[in-house]
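Quick notes on the structure that follows.
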Amino acid sequence: MEVQRLRILQLHSNFIEIEAVEKEIALAEETDKKKDRLEELAVLFTSVEEGDNTNVARKAMENTKASLDKLKVNRILIYPYAHLSNTLAKPADALKLIKEMEKVAKDLGFETYRTPFGWNKKFSISIKGHPLAEQFRIVTGDEAEEEPVSEALKAEEKLKSFWHILQTDGKLVPVEEFDFKGHKNLEKLAKYEIEKVRAVQQVPPHVKLMRRLEIADYEPGSDPGNLRWYPKGRLIKSLLEQYVTKQVIEYGGMEVETPVMYDIQHPSIAHYLERFPARQYLLKSDKRDFFLRFSACFGQFLMVHDAQFSYRQLPLRIYELTRYAFRREKSGELTGLRRLRGFTMPDCHALVADLDQAKEEFLVRFKLSKEILEKGLELNKDEDFELAIRFTKDFYEENKDFILSLVKLFNKPVLVEMWEERFFYFVLKWEFNFVDNLDKASALSTDQIDIENAQRYEMTYVDEKGEKQYPLVLHCSPSGGIERGVYALLEKAHRDSKRGKAPILPLWLSPTQVRIIPVAERFLEDAEKLMKEIEGHQIRVDLDDRSITLGKKVREAEREWVNYILVIGEKELSSDVLPVRDRKAGKKIRKMKLQELITEIKGKAGDKPFKPLTLPKLLSKRPQFAF
RNA sequence: GCCUCGGUGGCUCAGCCCGGUAGAGCGGCAGCCUUGUAAGCUGUUGGUCGCGGGAUCAAAUCCCGCCCGAGGCUCCA
């Protein structure tokens, strides 16, 4: 015999807003609270069926307790909801059981709320994106069995990953069988991705450095993960931003700017939000709810949606330096410049006609990204970063040669994650991962082939026959987050110092490239003349005019990682040879003519962007921001 | 969210276990020194000891509660 069952739809929610509109039945409860808003809770939409008894109600709450303990949720809202059943209990019985559930919930220690029974209500709800956020439970009288029919659980199945190393000869080796000799960082990346290795408890080196070098710092007056940038840090960050933008424009990116906030109700966006589990910053303006963007996708897609273009204009490349993108990561996940809630991300999309064009474009962007890391950040692929490629099994079977061509471009074995089925909106994705001093891996550059969003945003082009077609969309951040770039530079510098090398920033990013130190006050005037001359060549130079000892000035210049130090005194004024203390050359003092030094610096800086020093050039006029 | 650690002058930290009127170094400021490649000397300024409560004659120190931060875990398109 068919047993009647109590039905609960359990939704782990950011918030719910309820408004009781009008009474629907005579039995409706009185309520003094017509409107309510609750946050961070599980909402239990509950239908009581014919034949349910208090025993069922009790078991339902016990099951709920077991489920919610796993999610660490202790606040619940019991919401009588008739629409889950077509064999509803009589209102009087239902109300009785609802009240019983409420009582049991309180006994179990839940912070329990309930909406009034018998009302026509309206509500807005924001559901968390994680896999267990939505669950449907049916509780029977005798066994109280649980049948989780969660969509998300099915999704977890799809997500089953297989980890391999793909070698340059095309051989796909399971990770556990691969010999990592000579590939230590790749091993660390694999371990980090698969096992999530434990690190020693210590402050990451770059966090100390970012403060000591007056680059960036935590801002107690803001939300965690939103940093302040001191003049030197702003200079470095700004140069990186300019450089990446310049490279992307050369590649053909059309630079645009789009809003930082979007209406949560916008139909295309709402779907996209479901697919992106990161938590958002929400904000209210009048009666509408907005979220702060977590990438530049929306803005660019909405713009492209309204644009008119044909196959002749493909690939269509659109770019924004997203300042900022916001992701409300959990507080415990934030780390210095590695993981932030507000960050700067170059985001470049390319719309392409078909898979062949996608592949072609993908290779171009792969090379662009690699060049930005190698030439811009001066990272070395052989010791600083590793490639990971992720794809579905089907895509791999059909595109082996293409995937291998990426590996060959990288010319090193790469980490591969393969999925049985597609769950995300992309079929292929790669990232360059930096491995830091604590053996943590972080993605820098990335690109992916998206096969869903053209439809979702109704982005179409006109083909040769004059018919509308959906393009494929490539999503690329050619450098990764700019903050993460700075993180990588600092971690790399720290690694150098552990190996006995002087830590240093790439010359073109160094706030002070040349420091002039006069031996005594009477040489100040000549030192300033020298400074003006060097400055005229677009070189960042400053002057330590403080009345402290020479030794101390040299020490402080070295602690600031100044690239070249010039000490000026009697000897220098009577000859045209300068004693150049070169940090990169092991702090050796090199005898050079001024013109030789200028030529060397200009040569090393190459065609990178230049900005003048944004601090007083006299050290005596400079405030201290940190340490 | 969970676990761990922490919150004492601008910064880094000691003092707390074992209660008795707040310490050091760095920095800042004033002065001396005028310097030849990683810390010159002297003096001086600066602190509701995160917040609230409790027990005590007496709390930075003991007890309870809370807030904030960091790291780790979890999570991660």
Side-chain angles (χ1 to χ4, degrees), chain A residues 12 40 68-75 128-132 159 192-193 196-204 207-208 211-212 214 217-221 223-225 272 275-279 294-295 297 325 327-336 338-339 345 347 388 390 417 423-426 428-431 438 440-443 446-448 450 452-453 475-477 480 502 515 517-524 544 546-560 562 564-572 579-583 587-590 623-627:
Chain A
H12 189 192
E40 294 298 322
L68 290 181
D69 278 354
K70 282 182 212 149
L71 299 177
K72 312 259 184 344
V73 174
N74 195 43
R75 180 178 298 140
K128 294 186 185 280
H130 66 77
L132 298 176
L159 257 176
Y192 184 72
E193 286 291 324
K196 316 287 185 190
V197 284
R198 276 164 191 276
V200 211
Q201 179 161 338
Q202 74 179 88
V203 180
V207 173
K208 289 185 172 168
R211 308 183 67 195
R212 219 209 67 217
E214 295 191 314
D217 210 341
Y218 297 118
E219 173 51 74
D223 193 45
Y272 195 54
R275 287 288 223 180
F276 196 98
R279 287 151 294 274
F294 45 83
S295 73
C297 298
R327 297 186 186 177
R328 222 171 60 83
E329 311 288 5
K330 287 193 235 165
S331 60
E333 298 164 359
L334 303 165
T335 306
R338 188 166 89 90
R339 197 95 189 268
M345 183 176 60
D347 202 353
R390 301 163 203 259
E417 180 176 15
F423 174 63
F424 302 114
Y425 57 72
F426 54 83
L428 173 66
K429 171 183 197 271
W430 62 260
E431 325 109 26
L438 268 35
K440 302 222 155 270
S442 303
T446 179
D447 200 2
Q448 33 187 268
D450 168 359
E452 279 187 6
N453 280 301
H475 300 239
C476 176
S477 185
R515 170 152 309 158
I517 300 179
V519 163
E521 258 171 54
R522 63 178 183 280
F523 302 110
L524 258 181
D544 195 342
R546 296 171 302 170
S547 72
I548 51 176
T549 55
L550 175 66
K552 186 156 185 177
K553 289 181 188 178
V554 171
R555 176 171 194 267
E556 291 195 10
E558 292 291 0
R559 276 175 57 83
E560 281 180 56
V562 168
Y564 297 99
I565 301 171
L566 306 181
V567 172
I568 301 301
E570 199 65 56
K571 280 183 269 173
E572 288 67 35
V580 179
R581 185 172 160 123
D582 181 346
R583 185 172 179 81
K587 303 165 192 175
K588 293 270 158 42
I589 294 179
R590 300 164 58 196
Q624 284 179 31
F625 288 100
F627 77 83

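So that the names make sense, note that chain A is the first sequence line, chain B the second, and so on, each numbered from 1.
By the 4.0 Å N-to-carboxylate-O rule, A/D217 lies close enough to A/R211 to be salt-bridged with it.
Distance CD (A/E556) to C1' (B/C26): 11 Å, rounded to an integer number of Å. Atom CZ in A/F625 sits roughly 14 Å away from atom P in B/G28 (whole-Å rounding). Between the CZ atom of A/R212 and the P atom of B/U12 there is a distance of 14 Å, rounded to whole Å. Note: CD (A/E329) to C1' (B/G72) measures 16 Å, nearest angstrom. Taking atom CD on A/E214 and atom P on B/U12, their separation rounds to 13 Å, with Å as the unit. The CD-P distance, from A/Q624 to B/U12, rounds to 13 Å in whole Å. For the pair A/E452 CD and B/A77 P, the interatomic distance rounds to 14 Å; values are reported in whole Å. Here B/G71 presents its P atom at 12 Å from CZ of A/R339, a figure rounded to the nearest Å.
Considering every non-hydrogen atom in both A/S477 and A/M345, the closest pair reads OG-CG, 3.5 Å. In plain terms, the two heavy atoms of A/R338 and A/S442 that are nearest each other are NH1-OG, 2.9 Å. Across all their heavy atoms, A/C476 and A/D447 have their closest contact at CB-OD1, 3.3 Å.
Taking CD of A/E560 as the start and CZ of A/R212 as the end, the distance is 9.0 Å to the nearest 0.5 Å. With rounding to the nearest 0.5 angstrom, the CD1 atom of A/I565 is 12.0 Å from the NZ atom of A/K553. A distance of 14.0 Å separates CZ in A/F294 from CZ in A/R328, rounded to the nearest 0.5 Å. A/K552 contributes atom NZ, which lies 10.5 Å from atom CZ of A/R559 (distance to the nearest 0.5 angstrom).
Atom P of B/G9 sits at a distance of 25 Å from the matching atom of B/C66, rounded to the whole Å. The C1' atoms of B/G47 and B/G10 are separated by 12 Å, rounded to the nearest whole Å. The same atom, P, is picked in B/G65 and in B/G28; the two are 44 Å apart, to the nearest Å. The gap from the P atom of B/G6 to that of B/G15 amounts to 11 Å, rounded to the nearest Å. With P as the reference atom, B/U74 and B/A14 are 30 Å apart, rounded to whole Å. Look at the C1' atom in both B/U48 and B/A60: the space between them is 12 Å, to the nearest Å. B/G23 and B/U8 have their C1' atoms separated by 10 Å, given to the nearest Å. Going from the P atom of B/C64 to that of B/A77 covers 41 Å, rounded to whole Å.
At the phosphate of B/C76, neither OP1 nor OP2 sits under 4.0 Å from any side-chain N or O atom of A/K429. Look at A/R211 and you'll find a side-chain N or O under 4.0 angstrom from OP1 or OP2 of B/U12. Phosphate proximity of B/A77 to A/R327: absent, as no side-chain N or O sits under 4.0 Å from OP1 or OP2.
The partner of B/C33 is absent, by the rule that a Watson-Crick or G-U pair needs both atom distances under 3.5 Å. Across all strands shown, B/G1 forms a Watson-Crick or G-U wobble pair with B/C73, both key distances being under 3.5 Å. B/G28 is paired with B/U44 under the criterion used here, namely a Watson-Crick or G-U wobble arrangement in which both key atom distances are under 3.5 Å. Using N1 to N3 plus N6-O4 or O6-N4 for Watson-Crick, or N1-O2 and O6-N3 for G-U wobble, each under 3.5 Å, B/C66 pairs with B/G50.
Between B/G27, B/A77, B/G72, one nucleotide has an atom nearer to the side chain of A/F426 than all others, and that is B/A77. Among the nucleotides B/G72, B/G40, B/A38, the one closest to the side chain of A/E558 is B/A38.
Not a single donor-acceptor contact under 3.5 angstrom links the side-chain atoms of A/Y218 to the base of B/A70. Taking 3.5 Å as the limit, the base of B/A39 and the side chain of A/R559 contain no donor-acceptor pair of atoms between them.
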Nucleotides 29-36 of chain B: protein proximity per nucleotide (B base, S sugar-phosphate only, - neither; heavy atom, under 4.0 Å): ----BBBB
A/E417 and A/K429: CA distance, side-chain angles, deciding distance, salt bridge (charged side-chain N to carboxylate O under 4.0 Å, His left out) verdict: CA-CA 10 Å; A/E417 180 176 15; A/K429 171 183 197 271; over 6 Å; no
